[in-house]
Amino acid sequence: MKLRFTAKFATVALAAGALCNAQSAVAQQKPGISLQYMDKSVKPGDDFFRYVNGKWVDATEIPADKTRWGSFDELRENTNNDALAILKEAAANKTLAASSDQGKAANLYRAIMDTVSRNKAGVAPLQLYLKKIDAVKDVKSLQALLTEMENEGGLGFFGIYIGADAKDSNKNVIYLGTGRLGLPDRDYYVSEDADSKEKRALYEKHVAKMLKYIGYDDKTAAVAAKNVLAFETSLAQPQLDRVALRDDRVTYNPMTVAELQKLAPSINWAAYLKGIGVGAPATIVVSQPKYMEAVEAILKQKNVAEWKDYLKWSLLRKSAGKLSTGIETANWEFYGKTLRGALKEEKRDKNALQTINGTVGEALGKLYVAKKFPPEAKAKAEAMIKNVMRAFENRINRLPWMATSTKQAAVNKLNKLTVKIGYPDKWKDYSALTITAPEKGGSYFNNMTALSKWDHQQDIEKLNKPVDKTEWGMAPQIVNAYFNPSYNEIVFPAAILQPPFYDYRADEAVNYGGIGAVIGHEISHGFDDSGARYDANGNLVDWWSEEDLKQFTGLGGALASEYSALQPLPGIYVDGKFTLGENIGDLGGVNAAYDGLQLYLKEHGNPGLIDGYTPEQRFFISWATIWRTKMRDEAIKNQVKTDPHSPGMYRAFVPLQNVDAFYDAFSIKPGDKIYVAPDKRVKIW
C-alpha cells in the first residue's frame, strides 16, 4: 500500500473555517478587518472569538455539502472556483495535446466527469481483482497478490513507501508501514466512548451494504461485515496510538531483510521486496514492529475466508469513488454524512478537482500560477518571512530557560531553514505518465490505476539516488502551508497568499496577524515537540542539552494540559498531547509575527489608529479572523480523534491567552473570563 512521505508534514490547517460565498464579496470590498462581523457588545477579555466573529457566527450557515465553514474554507472555495474554471477551460480545449501535462490533467478531469460510462461499467472494473482474491488459498498466494497489488496502492495488511531516511536526510530509504483501515483512526476501533461504539456499529452496517454491490447477499454480507470489523480491529489494536505516532524516534526502526524475516517469518520478504521492484535493500525501516508481529500471528491462524472478506472490502472501499455514481453516493453516506455530518454531497466537479490536485496537481498548478500569482506577491511574502524569522531568532536568544549552547544550535537550525514560496522552481515531470481520454477508451478507474503505477515507479526510481529536496509536497493551488522536518523547510503554496491571510491593500498589522502568523506557525513547527527532534540538516539527531530538554518538555506538558481542558461538546475533549505540535506552532507563530510587526513599525513608523484600533489590536483581531469557524457536531467528534489541529474557534484565542501583549492591547484584567494569571501563561518560543 502506498504510504506517502508527506504524512510527516506539519501543516497550518488540515481543517479550518470561513465566510459563506454571499458574504465573501462584501468582506473583500474593504481591505483589512471586517468590522461588520464583530460583536462589540462582548468584552474582548470575556470571549475574544465572539468579539471578533460574533455577528459572522450568527449570520452564517454551514453549506449543506460542508462539515465546517470558516476563513480557510472560504479561501479554499474561492481558489477551487478559480482552479476549476482553469481546468474546465483546458478540458474544453480541443487543441491541447494529450501528451502535455495540462492535457493529462484535462483528460483525467473528463474521465472523472464521464458518469455515463462509469454507471454503465458498474463494478466491472473490479471483477478481475475479485477473481484474484477468490484464488487466495494460503499465505503464499496471499503474498503473491499483495506483491502484485503494491503498485496499485495495495490491498491492506502492510505497504511500503520511499522517502528521506530520518537519520540521513540526503539518502532515500524504504519504509514498511501498516495497512490502511476503513475507519479513519485507531481510536474508532479500540475506544469504548459512546461515539466510537456508535460509529463502529454504523460502520459494520455500511460494510454490509457496500458488499452487496460485489455479489454478497443479505446474509453473507452481514457475516462478512462482522468479519471485516473484527479483522480490522485485530490490525488496529497493536498499532501505535495517535500520540505515539507523532514521535518519529518510535517509528524509526531500521532492520536488515534477515531481521524482518525473523520478525514476520510467514512472508518471504526477499521475494516480496524483489517482486515490488525494490530489489535487495540493505536496510528497511519498519515503522511499527509490534504491528508486524500481530500480522504474523494473524497469518499463522490461516483464516483464509476472513482474509478474503477483508481484501474484497479493501478493494471496494478504495475504489468506490471511481465506480458508478450509486456506489460513490453510498460510500459518501457513511464517510461524508455519518462520520462528518455533511448534509449533501459536494459537486462532482469539485471532487474531481481535489483528485487532480492530489495526483497531477502541478500540471494544473502551472496554469493556475500563470493566471493567479503575480511575481510581486512572491516578493512581498519573502520580505515578511525574513522579518518573522529575524523576530524568531531574537526570541530564541532571549529565552530564559535555554542554555547558550542550545540557543546556538536552534539559531543554526533557523538560519539553515529553506523557504519555498508560490510554486516549484522545477516542475514535476509527468512525461512517463499516460492518461487516456474518455473518447479513446479511458476511464476514471483505469486512469487512476495508471497513476498509481506511475507513482510507484517514481518512488522506485528514488532508491539509490540522493533525496531531491527541491520537490514540493503540495500543488500551488492548495490553500495550506507546511513544514517538512527532513528537508528543514517551510513551504507556502501560492493559493494561501490571498485574503484574508494576505492582502496588499491592507495595513501591515492585519497582514502580520494573518499570513505573518501562518509563517511563524510553520517556522515554529521546526521547534515543536516533534520537529525539534530534527537538527539543522533535517536529521533525527538530538541537539538538546539534558536540562534544556527537560525544561522544554515541561513547558509542552503545561500547554497540552491547557488544551486538554477544552470541551467543544459535552463529554468531548480536545486531546492536548495529540494537538501539541500544532498548538506550539500557533503560540510560537503569534509571538514571532507580533515581534515581526514591532520590527516593521519601528523601521517604517506607526500609522496610529485605523478604524479605531491600534496596530496591536488589529494584529490580534486579524489572527482571530482567520480562525473563525463553525462546525457540525459530527465533524467536531471526528476532528478530535483524527486531526492534530485544535478546532478553529479555540485557535482564535487560546494561544493569545499566553501572550502578554494581548492583555496590554485590550486591557484584559483579572476577573475577565479568558484572563490567565501571568505565572500560568505558557511561554515556549
Side-chain angles (χ1 to χ4, degrees), residues 11-24 27 34 37 39 42 47-78 80 183-185 187-188 193-196 198-199 202 242 332-346 350 354 479-480 500-501 563-576 578-579 582-583 585-586 623-656:
T11 59
V12 68
L14 296 179
L19 311 178
C20 64
N21 289 338
Q23 296 167 324
S24 172
S34 300
Y37 298 133
D39 183 355
V42 177
D47 186 341
F48 194 66
F49 178 79
R50 174 107 198 145
Y51 173 73
V52 175
N53 302 306
K55 290 185 179 178
W56 174 86
V57 171
D58 294 342
T60 300
E61 294 291 335
I62 302 172
D65 61 346
K66 301 291 190 295
T67 60
R68 72 191 76 220
W69 197 246
S71 292
F72 269 91
D73 301 289
E74 176 193 6
L75 179 51
R76 282 175 176 146
E77 188 75 4
N78 294 337
N80 286 345
L183 287 168
D185 186 81
D187 263 22
Y188 280 108
D193 63 273
D195 180 61
S196 295
E198 177 192 26
K199 294 303 191 298
L202 293 170
R242 62 195 180 201
W332 169 84
E333 284 174 350
F334 178 74
Y335 288 106
K337 188 175 183 179
T338 300
L339 265 188
R340 297 180 176 87
L343 304 179
K344 178 181 171 184
E345 281 186 90
E346 192 165 46
K350 291 289 179 66
Q354 298 315 313
V479 179
N480 214 324
F501 300 92
Y563 279 84
S564 290
L566 302 173
Q567 187 178 193
L569 292 172
I572 304 294
Y573 288 87
V574 174
D575 185 340
F578 178 45
T579 58
E582 297 299 333
N583 298 334
D586 282 349
W623 167 260
T625 296
I626 69 172
W627 295 115
R628 56 184 168 209
T629 309
K630 291 187 76 167
M631 299 177 66
R632 302 192 193 280
D633 287 356
E634 296 307 314
I636 291 174
K637 293 175 187 176
N638 181 261
Q639 177 166 350
V640 297
K641 282 190 175 77
T642 65
D643 193 335
H645 302 79
S646 298
M649 65 286 284
Y650 296 129
R651 299 180 77 175
F653 74 92
V654 176
L656 308 186

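- T625 contributes no side-chain N or O that, together with a main-chain N or O of N53, makes up a donor-acceptor pair within less than 3.5 Å.
- Between S564 and Y573, the shortest heavy-atom contact is O-CD2, 3.5 Å.
- Within the 4.5 Å cutoff, the side chain of I636 has no heavy atoms near those of the R68 side chain.
- Smallest separation of non-hydrogen atoms from E582 and P644: CG-O, 3.1 Å.
- Separation of atoms CG (L569) and CD (E634) is listed at 8.5 Å; rounding is to 0.5 Å.
- Residues K337 and E345 are not paired through a salt bridge, judged by the lack of any N-O separation under 4.0 Å between the basic side chain and the carboxylate.
- Ionic pairing of D195 and K641 is present here: one or more N-O contacts between side-chain nitrogen and carboxylate oxygen are shorter than 4.0 angstrom.
- Across every non-hydrogen atom of W69 and E77, the tightest pair is CH2-CB, 3.8 Å.
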Checklist entry - What do the steps show when you test S646 against N583 for side chain to side chain donor-acceptor pair (under 3.5 Å), and what is the final call? => result CA-CA 7 Å; S646 298; N583 298 334; 2.9 Å; yes
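- Between F334 and L183, the closest side-chain pair of non-hydrogen atoms falls below 4.5 Å.
- Distance OG1/T629 to OH/Y650: 11.5 Å, rounded to 0.5 Å.
- Between the side chain of D187 and the backbone N or O of S196 there is no donor-acceptor pair closer than 3.5 Å.
- Counting all heavy atoms, side chain and backbone alike, T67 lies closest to A342 at CG2-N, 3.6 Å.
- Contact detail for V57 and K630: the closest heavy-atom pair is O-NZ, 3.0 Å.
- In terms of modelled atom types and a separation under 3.5 Å, the side chain of Q639 and the main chain of H645 share a donor-acceptor contact.
- Checked by atom type and distance alone, the side chain of E74 never pairs as donor or acceptor with a backbone atom of N78 at under 3.5 Å.
- Separation of atoms CZ (R76) and NZ (K66) is listed at 11.0 Å; rounding is to 0.5 Å.
- Annotation for V640 and V574: closest pair CG1-CA, 4.4 Å, computed over non-hydrogen atoms.
- Taking 4.5 Å as the limit, some side-chain heavy atom of K199 sits within range of a side-chain heavy atom of L339.
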I would like to know whether N638 and Y188 meet side chain to side chain donor-acceptor pair (under 3.5 Å); could you show each step before the answer?
-> CA-CA 10 Å; N638 181 261; Y188 280 108; 3.0 Å; yes
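- Between F653 and W623, a ring centre-to-centre spacing not shorter than 6.0 Å is recorded.
- Remark: R50 engages D58 in a salt bridge, criterion side-chain N to carboxylate O under 4.0 Å.
- Taken from CZ in R340 to CH2 in W332, the straight-line distance is 12.0 Å, to the nearest 0.5 Å.
- Residue I572 holds its CD1 atom at 6.5 Å from CG of D193, rounded to the nearest 0.5 Å.
- The salt bridge (charged side-chain N to carboxylate O under 4.0 Å, His left out) test applied to D575 returns R242, not counting sequence neighbours.
- Among the candidates F72, F48, F501, the single residue satisfying the ring pair (Phe, Tyr, Trp, His ring centres under 6.0 Å) test with W627 is F72.
- The OH atom of Y563 lies 15.0 Å from the CZ atom of F578; values are rounded to the nearest 0.5 Å.
- Under the side chain to side chain donor-acceptor pair (under 3.5 Å) criterion, R632 pairs with no residue, sequence neighbours left out.
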>> Does Q354 form a side-chain contact (heavy atoms from CB on, under 4.5 Å) with N80? I'd like the steps, not just the answer.
In response: CA-CA 9 Å; Q354 298 315 313; N80 286 345; 3.2 Å; yes
